[in-house]
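Hydrogens, waters and symmetry mates are skipped; everything else that's a heavy atom, side chains included, is used.
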Amino acid sequence: MNPITEEISLFLISLSFVYFAKAFGGSYMKSSVTQIERRFDIPSSLIGVIDGSFEIGNLLVIAFVSYFGAKLHRPRLIGIGCLIMAAGAFLTALPHFFQGQYVYETTLSHIPEENSTESILPCLANTSHLVINDLSTAATCEKEAGSSMWIYVFLGNMLRGIGETPVMPLGVSYLDDYARKENTAIYLACLQTVGILGPVFGFMFGSFCAKIYVDIGSVDLESISINHKDSRWVGAWWLGFLVSGFLMLLAGIPFWFLPNTLAKSSSDTPEVEPEQGSFLPEDNTEEDAPQPVTMAAMAKDFAPSLKRLFSNKVYLLIILTSVVAFNGFIGMITFKPKFMEQVYGQSPSKAIFLIGSMNLPAVAVGVIVGGLVMKRFKLSVLGAARLSIVSSFLSFCLLLIQYFLQCDNSEVAGLTMTYQGATEVSYQQESLLSQCNMGCSCSLKHWDPVCARNGITYASPCLAGCQTSTGVGKEMEFHNCTCMQELKGGLMAPPTNMSAILGQCPRKSDCDRMFKFYMAVTVLGAFVSACGGTSGYIVLLRSIHPDLKSLALGMHTLIGRTLGGIPPPIYFGALIDRTCLKWGLKRCGGQGACRFYDSHAFRITFLGLVYCLYGLANLLWGVLYLQLSKRQKKLELRSQAKATALEANGNNNPNGHAMVSIFKNKDDLDRDNESTI
């Protein structure tokens with residue numbers, strides 16, 4: 001095997017592992033959003049800020065790394081980035097080891113009577129004896145102020161963003177510089193596929209950690225009265241960040257031993273057909289100028305390089321399309337587990353597991369298929385754009401189908417259900433109180449749900465009018481619940497069983513069937529969308545001059561992360577917060593994380609945002625294709641003009657008018673400010 005081919009193969013394998021490790025860490029962060037939100041008792045909008053801190057860190061340095069890094073030792077810069085990402089992962093997990101134990105909100109006090117298996121009454125007129133977990137001493141409250149330690153999660157995620165900066169622009173440009181051009185598409189497909197395996201394992205590990213109690217090893221799990229399906233449950237969110245940090249340390253090792261440059265042999269630079277090469281050469285550049293070797297020269301050349309880059313209309317359209325598509329994708333993937341939880345009644349761990357085990361493998365297969373199609377048919381830039389447009393449009397159609405796959409709202413007394421009439425329990429608007437629990441002195445601020453035998457959820461045992469309870473921990477059961485006796489068909493007919501168990505009631509059986517349809521549509525949509533991923537990237541790579549490649553990729557990432565990565569989690573989260581029906585209560589007062597959403601409002605808000613963004617992205621793809629077609633025609637006209645001029649030049653004076661016409665034609669193209677594509 002050619003030594004150059006061996007080094008390229010080693011670089012590809014090493015870069016693939018980095019893609020895997022960074023994707024594992026990023027997807028684990030996405031899968032832990034709900035757990036972090038509950039652990040620090042913060043709203044979804046603030047979680048959006050934390051999630052966006054990765055992009056904030058990225059944008060701080062990416063322009064300089066992309067430009068200066070391309071002229072320095074690219075593999076070692078990637079190795080340094082891996083070290084920084086590892087440090088960020090460890091910093092993210094740090095708050096767990098400095099915070100006190102997690103204490104979930106509850107209204108229950110379990111004080112068994114002597115010589116009896118029956119406990120104190122949940123519904124009493126005088127509740128001063130109840131020990132409510134959130135009422136703590138001043139010292140505990142002061143410690144609870146440590147919940148502001150979410151700032152360490154913010155900073156750790158930002159550090160991960162800084163470390164990730166050199167990986168994509170420097171790694172991809174290194175591959176494209178020294179690999180055979182016809183292999184670039186399949187190499188990129190391999191990178192993206194291995195990168196997708198990272199999220200598969202990240203989401204599945206996130207699902208595993210979501211089922212493990214946050215303080216595992218330091219609390220008696222038998223005393224915990226909630227399970228992983230409860231909206232107050234917090235999983236071992238910190239564990240995955242430790243694993244991610246160790247993976248990043250390992251991934252960075254090979255890059256310290258790889259060369260900065262590879263000498264191309266003639267066999268590595270074959271002549272390729274026009275369909276495989278660049279779409280249009282630089283109009284206003286004769287030959288590549290020697291690269292500056294001093295930092296001062298590089299700094300002086302930075303502004304002109306930016307000007308050259310942003311004078312490319314096609315590149316600007318690609319940036320705009322990417323920003324809109326990123327907005328839709330980032331917002332969707334950040335809150336998709338919560339969407340599945342609230343709309344279809346799935347537990348967070350199951351939602352995360354299904355995304356990792358079904359959606360992401362479909363994406364991996366789609367990326368491979370897209371890369372193989374590019375290689376098999378040797379698609380031109382226009383052909384690659386067509387493939388991207390078709391896959392984008394078909395995946396959007398599949399997204400639209402999701403609107404019709406809905407479930408009924410959860411039946412929660414006083415929140416989604418109110419009963420009117422002389423013989424029924426009547427709840428005031430936006431109130432949990434009714435005649436059946438009016439004399440119980442119940443707390444209206446807490447969320448401690450119980451599921452009645454009639455399939456209705458109550459916000460707490462007290463608000464269900466339950467008189468007694470038996471059992472301990474997760475096995476606790478409540479009896480003689482007065483609010484249930486009048487909820488049977490609107491008639492005064494006491495049910496045969498007036499008891500309730502801890503936790504929310506499961507959704508109706510038809511919701512499980514609807515969820516299966518939803519998963520089938522999302523898996524197919526993920527595959528179709530991914531088929532256009534590689535071709536879209538090829539359009540980007542072929543739209544820029546080789547000496548601007550790293551800068552262009554870096555600016556694409558910078559702008560995409562700034563405008564497409566930071567805002568979506570924030571405005572998605574803020575709008576989702578508006579659909580909350582029941583907020584949690586912090587231990588020392590104040591609004592905590594949302595415990596229960598209006599699933600109909602959540603679905604319309606979430607899907608409405610996604611539809612608007614992806615619809616606009618499809619329109620922009622159409623505009624981009626028209627611009628590409630226009631450029632193609634100009635290239636053909638210029639080629640014809642050159643051929644005609646050369647033919648005329650062979651029959652006439654070489655210094656005559658034929659050569660003048662060539663330069664006039666070229667000057668016309670220069671005025672259009674058209675660049676490479």
Side-chain angles (χ1 to χ4, degrees), residues 38 41 43 103-110 120-125 127 130-135 225-227 229-233 341-342 345 408-419 424-469 474 476-487 498-507 577 579-587 589-602:
R38 294 173 182 175
D41 262 328
V103 182
Y104 54 89
E105 61 172 302
T106 179
T107 59
L108 299 178
S109 172
H110 191 82
I120 202 77
L121 306 180
C123 174
L124 289 175
T127 58
L130 291 180
V131 183
I132 297 177
N133 284 353
D134 67 288
L135 298 178
S225 63
I226 59 176
N227 59 30
K229 297 180 180 179
D230 196 289
S231 61
R232 295 164 294 169
W233 174 273
E341 177 188 355
Q342 297 299 326
D408 293 333
N409 240 330
S410 294
E411 296 182 334
V412 180
L415 292 179
T416 61
M417 298 181 68
T418 58
Y419 296 86
E424 295 184 352
V425 175
S426 175
Y427 288 89
Q428 299 175 358
Q429 188 68 24
E430 298 182 357
S431 174
L432 298 171
L433 290 177
S434 181
Q435 292 180 352
C436 63
N437 57 30
M438 196 70 76
C440 292
S441 299
C442 303
S443 169
L444 301 180
K445 296 180 179 180
H446 295 83
W447 179 252
D448 199 7
V450 292
C451 177
R453 298 298 181 183
N454 57 10
I456 297 173
T457 300
Y458 295 84
S460 71
C462 181
L463 288 168
C466 300
Q467 303 297 317
T468 60
S469 66
K474 298 182 182 69
M476 190 178 293
E477 188 169 346
F478 305 91
H479 309 283
N480 301 323
C481 303
T482 58
C483 291
M484 299 175 196
Q485 63 181 348
E486 299 172 292
L487 291 178
M498 295 170 58
S499 61
I501 58 175
L502 285 171
Q504 268 183 257
C505 293
R507 297 294 182 92
D577 280 341
T579 68
C580 183
L581 293 178
K582 187 71 179 73
W583 289 95
L585 185 69
K586 292 185 178 180
R587 291 175 62 188
Q591 180 177 291
C594 184
R595 302 302 186 196
F596 183 74
Y597 293 88
D598 180 343
S599 65
H600 287 325
F602 188 109

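Qualifying side-chain hydrogen bond (donor to acceptor under 3.5 Å, both in side chains) partners for Trp447, counting only residues two or more places apart in sequence or in other chains: Ser231. Checked against side-chain contact (heavy atoms from CB on, under 4.5 Å), Asn480 has the following partners two or more places apart in sequence or in another chain: Gln467, Thr468. Under the side-chain hydrogen bond (donor to acceptor under 3.5 Å, both in side chains) criterion, Ser599 pairs with Asn409, not counting sequence neighbours. In this structure Arg232 satisfies the salt bridge (Lys or Arg N to Asp or Glu O under 4.0 Å) test together with Asp230, Asp448, sequence neighbours excluded. Scanning for side-chain hydrogen bond (donor to acceptor under 3.5 Å, both in side chains) contacts around Glu341 gives Arg38, with sequence neighbours left out.
Within the 4.5 Å cutoff, no side-chain heavy atoms of Asp598 are placed close to those of Thr416. Residues Asp577 and Trp583 have side chains in contact (heavy-atom distance under 4.5 Å, counting atoms from C-beta outward). Between Phe602 and His600, every side-chain heavy-atom pair lies at or beyond the 4.5 Å cut-off. Between Ser469 and Glu477, the closest side-chain pair of non-hydrogen atoms is not below 4.5 Å. Contact check for Arg453 versus Ile501: side-chain heavy atoms found under the 4.5 Å cut-off. Residues Cys483 and Tyr458 are in side-chain contact: their nearest non-hydrogen atoms beyond the backbone lie under 4.5 Å apart.
Looking only at distances, no side-chain donor or acceptor of Lys229 sits under 3.5 Å from a matching main-chain atom of Pro506. Judged by distance alone, with hydrogens and angles left aside, the side-chain atoms of Thr457 form a donor-acceptor pair with the main-chain N or O of Cys505 at under 3.5 Å.
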Problem - Residues Leu415, Phe596; criterion side-chain contact (heavy atoms from CB on, under 4.5 Å); working and verdict - result: CA-CA 9 Å; Leu415 292 179; Phe596 183 74; 3.9 Å; yes

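Here the two cysteines Cys440 and Cys462 have their SG atoms 2.5 angstrom or farther apart.
For the atom pair OG (Ser225) and CE (Met476), the distance works out to 6.5 Å, reported to the nearest 0.5 Å. To the nearest 0.5 Å, atoms OG (Ser410) and OH (Tyr597) are separated by 13.5 Å.
The shortest non-hydrogen separation linking Val450 to Ala464 is CG2-CB, 4.2 Å.
By the neighbour-count criterion of 12 heavy atoms within 6.0 Å, atom NZ of Lys445 is sparsely surrounded, having that number or fewer from other residues, nucleotides or ligands.
Checked for salt-bridge contact, Arg507 and Glu411 miss the test: no charged N lies under 4.0 Å from a carboxylate O.
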